[in-house]
Q: 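Please find one structure pasted underneath; my questions will follow.
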Amino acid sequence: MKKLIMASAVVLSALASQSALADAMAAEAAQGKVLFNHNCHACHSEDSSKNTFGPSLSGVVGRKAGSMPRFAYSDAMKAAGFSWTEDQLRLWITDNEKLVPGTRMRHVSITDKAEQDYLIAYLKTL
Ligand code: HEC
């Protein structure tokens with residue numbers, strides 16, 4: 001019986017920390033949305049059917065670079081040959097011109113690690 005009680009306590013605390021983790025992730029994504037609106041939204045929509053000045057960023061995490069239909073990418077972006085992992089996104093927002101020399105996207109440089117985390121957490125929700 002004691003074992004059972006202990007086991008359920010373990011399960012309960014695991015559940016509690018899981019929902020705490022989910023809360024923390026939601027909070028990061030909310031911060032990321034603020035940063036996105038400030039730094040990216042002028043050129044990027046979150047709607048998969050809407051490319052604006054830049055390609056839609058809907059589903060960007062895991063997507064092949066330069067692959068959004070009906071968007072006129074630069075030759076550099078079309079030839080990038082990688083997919084948007086978290087690491088690649090981090091490099092991109094740190095210095096996009098370094099990651100893909102010749103890209104048409106205006107230079108961005110978000111170097112604060114926490115801000116990068118928030119932005120990526122938000123991009124993951126799109
Ligand atoms: C001034 C307009 C502008 C701003 C601001 C901007 N972008 Fe872009 N972005 C573009 C353009 C244009 C491209 C396409 C680049 C190319 O074809 O070389 C692009 C491409 C991208 C891509 C590659 C998408 C794909 O389909 O491969 C990602 C990811 C991206 N931007 C993320 C961001 C993020 C995150 C921000 C904010 C921190 C941001 N961009 C700010 C214009 C912008």
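Note that the coordinates shown come from a computational prediction; the quantities given were computed from them, not determined experimentally. Atoms within a ligand are numbered from 1 in the order they appear, just like the ligands themselves. All heavy atoms count here, side chains included; hydrogens, waters and symmetry mates do not.
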Q: Can a donor-acceptor pair be found, under 3.5 Å and without considering hydrogens, that links the side chain of Y73 to the backbone of A79?
A: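 It does not hold such a pair.
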Q: Give the atoms of ligand 1, by number and element, whose distance to some non-hydrogen atom of P55 is under 4.0 Å.
A: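 Numbered from 1, ligand 1 contributes 13 (C), 14 (C), 19 (C), 20 (C), 24 (C), 26 (O).
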Q: Name the closest protein heavy atom to atom 30 (C) of ligand 1, giving the residue it belongs to and the distance to 0.1 Å.
A: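 Here the nearest protein heavy atom works out to W92 NE1, 3.0 Å.
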Q: Starting from atom 36 (C) of ligand 1, what is the nearest protein heavy atom, named by residue and atom, and what distance separates them?
A: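 Its nearest protein heavy-atom neighbour is C40 SG, 2.8 Å.
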Q: Tell me: protein heavy atom nearest atom 26 (O) of ligand 1, and distance?
A: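 I find the closest protein heavy atom is Y73 OH, 2.5 Å.
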Q: Under a 4.0 Å heavy-atom limit, does L57 contact ligand 1 with its side chain, its backbone, both, or neither?
A: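 Within the 4.0 Å criterion, L57 contacts ligand 1 through side-chain atoms alone.
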Q: If the cut-off is 4.0 Å to any non-hydrogen atom of F71, which atoms of ligand 1 fall inside it?
A: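 Answer, ordered by atom number: 14 (C).
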Q: Is M105 close to H44 at the side-chain level, that is, under 4.5 Å between some pair of heavy atoms?
A: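 Yes, at least one pair of side-chain atoms sits under 4.5 Å.
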Q: Does an N or O anywhere in H44 fall below 3.5 Å from an N or O of ligand 1?
A: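 Yes: some nitrogen or oxygen of H44 is under 3.5 Å from one in ligand 1.
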Q: When rounded to the nearest 0.5 angstrom, what is the spacing between OG1 in T85 and CG in L91?
A: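 CG of L91 is found 8.0 Å from OG1 of T85.
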Q: Which atoms form the tightest heavy-atom contact between C43 and T52, and what is the distance?
A: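 What the structure gives for the nearest pair is O-OG1, 2.7 Å.
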Q: Whether K124 and E28 form a salt bridge (side-chain N of Lys/Arg under 4.0 Å from carboxylate O of Asp/Glu) is what I want to check.
A: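 Judged by the 4.0 Å cut-off on N to carboxylate O distance, E28 and K124 do not form a salt bridge.
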Q: Inspect the surroundings of CZ in F82 and state if more than 12 heavy atoms from other residues, nucleotides or ligands are less than 6.0 Å away.
A: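 Counting other residues, nucleotides and ligands, CZ of F82 exceeds 12 neighbours.
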Q: So for ligand 1, is G102 a polar contact partner (N or O within less than 3.5 Å, distance only)?
A: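 No, there is no polar N/O contact under 3.5 Å.
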Q: What residue and atom, counting heavy atoms only, is the protein's closest point to atom 16 (C) of ligand 1, and at what distance?
A: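 For atom 16 (C) of ligand 1, the nearest protein heavy atom comes out as S74 OG, 3.3 Å.
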Q: Does any non-hydrogen side-chain atom of N39 lie less than 4.5 Å from one of V108?
A: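 In short, these two side chains do not touch, never coming nearer than 4.5 Å.
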Q: Identify the closest protein heavy atom to atom 10 (C) of ligand 1: which residue and atom is it, and at what distance?
A: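 Ranking protein heavy atoms by distance from atom 10 (C) of ligand 1, first comes M105 CG, 3.3 Å.
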Q: Check each heavy atom of R63 against ligand 1 and say whether those closer than 4.0 Å belong to the side chain, the backbone, both or neither.
A: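 For R63, the contact with ligand 1 is made by the side chain alone.
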Q: For the 3.5 Å polar cut-off, considering only N or O atoms, please tell me whether R106 and ligand 1 meet it.
A: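 No, R106 has no N/O under 3.5 Å of an N/O on ligand 1.
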Q: Which atoms of ligand 1 sit under 4.0 Å from any heavy atom of A65?
A: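 Answer for ligand 1: 27 (O).
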Q: Assess whether atom CZ of R106 is packed by more than 12 heavy atoms of other residues, nucleotides or ligands within 6.0 Å.
A: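 Not buried by this count: 12 neighbours or fewer within 6.0 Å.
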Q: Which atom pair, heavy atoms only, marks the closest approach of N51 to S56?
A: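 Of all heavy-atom pairs spanning N51 and S56, the closest is OD1-N, 2.8 Å.
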Q: State whether the shortest distance between N or O atoms of T103 and N or O atoms of ligand 1 falls below 3.5 angstrom.
A: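 Between T103 and ligand 1 (N or O atoms, distance only) the closest approach is under 3.5 Å.
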Q: Taking T94 for its side chain and S109 for its backbone only, find out whether a donor-acceptor pair lies under 3.5 Å.
A: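 Not confirmed, T94 side chain does not pair with S109 backbone.
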Q: Quick test: of every protein heavy atom, which one is nearest to atom 4 (C) of ligand 1, and how far off is it to 0.1 Å?
A: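 Atom 4 (C) of ligand 1 sits closest to the protein heavy atom C43 SG, 3.4 Å.
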Q: Counting non-hydrogen protein atoms only, what is the nearest one to atom 12 (C) of ligand 1? Give residue, atom name and distance.
A: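 Here the closest protein heavy atom is F53 O, 3.6 Å.
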Q: Using a 4.0 Å heavy-atom cut-off, say whether L89 meets ligand 1 through its side chain, its backbone, both or neither.
A: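 Side chain only.
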Q: Can you confirm whether E46 sits close enough to S58 that some side-chain heavy atom of one is under 4.5 Å from a side-chain heavy atom of the other?
A: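 Of all side-chain heavy-atom pairs linking S58 with E46, none is under 4.5 Å.
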Q: Can you confirm whether more than 12 heavy atoms, excluding those of H38, are under 6.0 Å from its NE2 atom?
A: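 Incorrect, the count does not exceed 12.
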Q: With atoms numbered from 1 as shown, which atoms in ligand 1 lie under 4.0 angstrom from a non-hydrogen atom of I93?
A: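 Within the 4.0 Å cut-off of I93, ligand 1 contributes 35 (C).
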Q: Can you measure from CZ (F36) to CG (L126) and round to the nearest 0.5 angstrom?
A: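 Here the rounded value is 6.0 Å.
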Q: Evaluate W84 for polar contact with ligand 1, using N/O atom pairs at a separation under 3.5 Å.
A: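 The answer is yes, given that W84 and ligand 1 share an N or O pair closer than 3.5 Å.
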Q: Check ligand 1 against G66 and write out every atom of the ligand that is under 4.0 Å from a heavy-atom position of the residue.
A: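 Numbered from 1, ligand 1 contributes 25 (C), 26 (O), 27 (O).
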Q: Just let me know how I110 lines up against ligand 1, side chain, backbone, both or neither, with a heavy-atom cut-off below 4.0 Å.
A: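 Contact part for I110 vs ligand 1: side chain (C-beta onward).
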Q: Looking at atom 5 (C) of ligand 1, what's its closest protein heavy atom, distance included?
A: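 Checked against all protein heavy atoms, atom 5 (C) of ligand 1 sits closest to N39 O, 3.3 Å.
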